[in-house]
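Below, read A as the first sequence line, B as the second, and so on, with proteins coming before strands; counting in each chain starts at 1.
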Protein chains: 2
Amino acid sequence: MKFSSKAEYGLKAMVNLAKDETRTKNIKLIAKEETISVKYLERLLNDLRKYDLVESFKGANGGYALKRPAKKISVADVVIALEGPIAPMKCVGKTCRMEHQCSSKIVWQILGTQIEKTLSHIKLSDLTK
Amino acid sequence: MKFSSKAEYGLKAMVNLAKDETRTKNIKLIAKEETISVKYLERLLNDLRKYDLVESFKGANGGYALKRPAKKISVADVVIALEGPIAPMKCVGKTCRMEHQCSSKIVWQILGTQIEKTLSHIKLSDLTK
DNA sequence: TTAAAGCATACTAAATTAGTAGGATATCGG
DNA sequence: CCGATATCCTACTAATTTAGTATGCTTTAA
């Protein structure tokens, strides 16, 4: 059971942006500060943008900035943007033909809810110190 | 973020055994009832045995049985036996040279603890109905 | 009008997970 | 004691997912 490094890198980048909320910052700089491949980070930020968590500005002096205050962006938001819905087992969120005799789906459902709750309570602003 | 099907299959097999705690049951039968590949399940049960969660009996009329009462085996026990320690990110449980400047390790530590707690509270006996 | 930046797509490499194969070993029942 | 039955062990292969790269296009501030 692991989150991917997408989530790890993405979260680091988001916290990086949260540390100076008012400025836009370009990919190269974030990548350097957080030791992430520029090209890979480019894609992650793209996903985060599509999820409306960051805003991008093209052209010279462009870059990225948080779209909402760091207080209003949770770790769950970031993880979901990058990895999709939190579902700790394939079957969660789908209907399964074995369902009527499946003893364990309930476990993964409870757990998924629990994880999402935990991650929703942690905001980027809690991680900037 | 997903648990592997090892955890899923293993849990199903364990709940299957828990449904008739007093009997030993052979792999083929469990595999058939839970629609799992016999050979794969063989390996999973082996891991569970090494973790002292099941007991095995060789020879004719052999098979597997829970080593402890279903009330005293948690989902966390099963998952850890099959997947190793619950650590939702690579860095958890290790020391990392970026640690002094890492904003996010704490997140994965909190979450790991939380997940383990949740899964420890669910016992096999809760899943046999 | 040009250089700096993001945007988009497709590809490749690495790692992990899932599953298979084949035989060795142990043991119960007759 | 023999043989059928069942677990145990190691190694291999296939599939899937994750991580990372390459190339070029588009937008825009200076």
Side-chain angles (χ1 to χ4, degrees), chain A residues 1-13 16-17 23-32 34-67 79 81-85 87-91, chain B residues 1-13 17 23-67 79 81-85 87-91:
Chain A
M1 208 288 301
K2 293 265 183 293
F3 284 90
S4 66
S5 66
K6 270 192 200 178
E8 172 73 347
Y9 293 163
L11 182 57
K12 280 185 180 176
N16 186 300
L17 286 175
R23 297 249 170 95
T24 72
K25 203 162 181 181
N26 70 40
I27 294 182
K28 274 187 198 167
L29 186 51
I30 303 173
K32 195 184 171 192
E34 306 294 338
T35 12
I36 304 172
S37 140
V38 174
K39 274 296 182 185
Y40 199 43
L41 182 56
E42 203 171 296
R43 286 209 351 217
L44 301 183
L45 282 166
N46 220 310
D47 288 344
L48 292 165
R49 180 180 57 85
K50 284 174 183 160
Y51 232 84
D52 257 355
L53 298 180
V54 298
E55 200 169 9
S56 67
F57 303 92
K58 286 188 172 186
N61 291 325
Y64 288 88
L66 297 186
K67 190 142 187 195
V79 168
L82 294 168
E83 298 200 345
M89 189 62 69
K90 291 168 228 161
C91 59
Chain B
M1 208 288 302
K2 293 264 184 294
F3 284 90
S4 66
S5 67
K6 271 193 200 178
E8 173 74 347
Y9 293 162
L11 182 58
K12 281 186 179 174
L17 286 175
R23 296 249 170 95
T24 72
K25 203 163 181 181
N26 70 40
I27 294 181
K28 272 187 199 168
L29 187 51
I30 302 173
K32 196 182 172 193
E33 288 180 3
E34 306 294 339
T35 11
I36 305 172
S37 140
V38 174
K39 274 294 184 183
Y40 199 42
L41 182 57
E42 204 172 293
R43 285 208 350 214
L44 301 183
L45 282 167
N46 221 310
D47 288 343
L48 292 164
R49 180 180 57 85
K50 285 174 183 162
Y51 232 83
D52 257 355
L53 298 181
V54 298
E55 201 168 9
S56 68
F57 303 92
K58 287 187 171 187
N61 291 325
Y64 288 88
L66 297 186
K67 189 142 186 196
V79 169
L82 294 169
E83 296 201 345
M89 188 60 71
K90 292 168 225 159
C91 61

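- Here Leu45(B) lies out of heavy-atom contact (under 4.0 Å) with every strand.
- For Ile36(A) and dA19(D), the CD1 to C1' distance is 13 Å, given to the nearest whole Å.
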Which protein N or O atoms sit under 3.5 Å from an N or O of nucleotides 24-30 of chain C?
{"residue": "dA26(C)", "atom": "O4'", "partner": "Lys58(B)", "partner atom": "NZ", "Å": "3.1"}

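- The phosphate of dT7(D) has neither OP1 nor OP2 within less than 4.0 Å of any side-chain N or O from Arg49(B).
- At whole-Å resolution of the value, OH in Tyr64(A) and C1' in dA4(C) are 13 Å apart.
- The CG-C1' distance, from Asn26(A) to dT27(D), rounds to 16 Å in whole Å.
- dG6(C) atom P lies 14 Å from atom CG of Leu48(A), rounded to whole Å.
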Do nucleotides 11-20 of chain C as a string where each nucleotide becomes B, S or -: B if the base has a protein heavy atom under 4.0 Å, S if just the sugar-phosphate does, - if no protein is that close. -------BBB

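- The distance from atom CZ of Arg23(A) to atom CG of Leu29(A), rounded to the nearest 0.5 Å, is 11.0 Å.
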Under 3.5 Å, side-chain donor or acceptor atoms of residues 2-9 of chain A against the rest of the protein: list the pairs with distances, not counting sequence neighbours.
{"residue": "Lys2(A)", "atom": "NZ", "partner": "Ala87(B)", "partner atom": "O", "Å": "2.9"}
{"residue": "Ser4(A)", "atom": "OG", "partner": "Lys6(A)", "partner atom": "N", "Å": "3.3"}
{"residue": "Ser4(A)", "atom": "OG", "partner": "Glu83(A)", "partner atom": "OE2", "Å": "2.5"}
{"residue": "Glu8(A)", "atom": "OE1", "partner": "Ser104(B)", "partner atom": "OG", "Å": "3.3"}
{"residue": "Glu8(A)", "atom": "OE1", "partner": "Trp108(B)", "partner atom": "NE1", "Å": "2.7"}

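- One can place CG of Asn46(A) at 16 Å from P of dT26(D), the figure rounded to the nearest angstrom.
- Atom-to-atom distance recorded for Leu11(A):CG and Glu34(A):CD is 9.5 Å, nearest 0.5 angstrom.
- Between Ser56(A) and dC7(C) there is a side-chain N or O to OP1 or OP2 distance below 4.0 Å.
- Here the P atom of nucleotide dT10(D) and the CG atom of Asp47(B) are 12 Å apart, to the nearest Å.
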Give the table of side-chain donor-acceptor pairs shorter than 3.5 Å for residues 38-64 of chain B, with sequence neighbours excluded, one pair per line with atom names and distance.
{"residue": "Asn46(B)", "atom": "OD1", "partner": "Arg49(B)", "partner atom": "NH2", "Å": "2.7"}
{"residue": "Asp52(B)", "atom": "OD1", "partner": "Lys67(B)", "partner atom": "NZ", "Å": "3.1"}

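- Between Lys25(A) atom NZ and Ile27(A) atom CD1 the span is 13.0 Å, to the nearest 0.5 Å.
- Straight-line distance from the NZ atom of Lys32(A) to the P atom of dA5(C): 14 Å, rounded to whole Å.
- Atom-to-atom, CD of Glu42(A) to P of dA4(C) comes out at 16 Å; the value is rounded to the nearest Å.
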Sort me out a list of protein N/O and nucleotides 13-15 of chain D N/O pairs below 3.5 Å, or just none if empty.
none

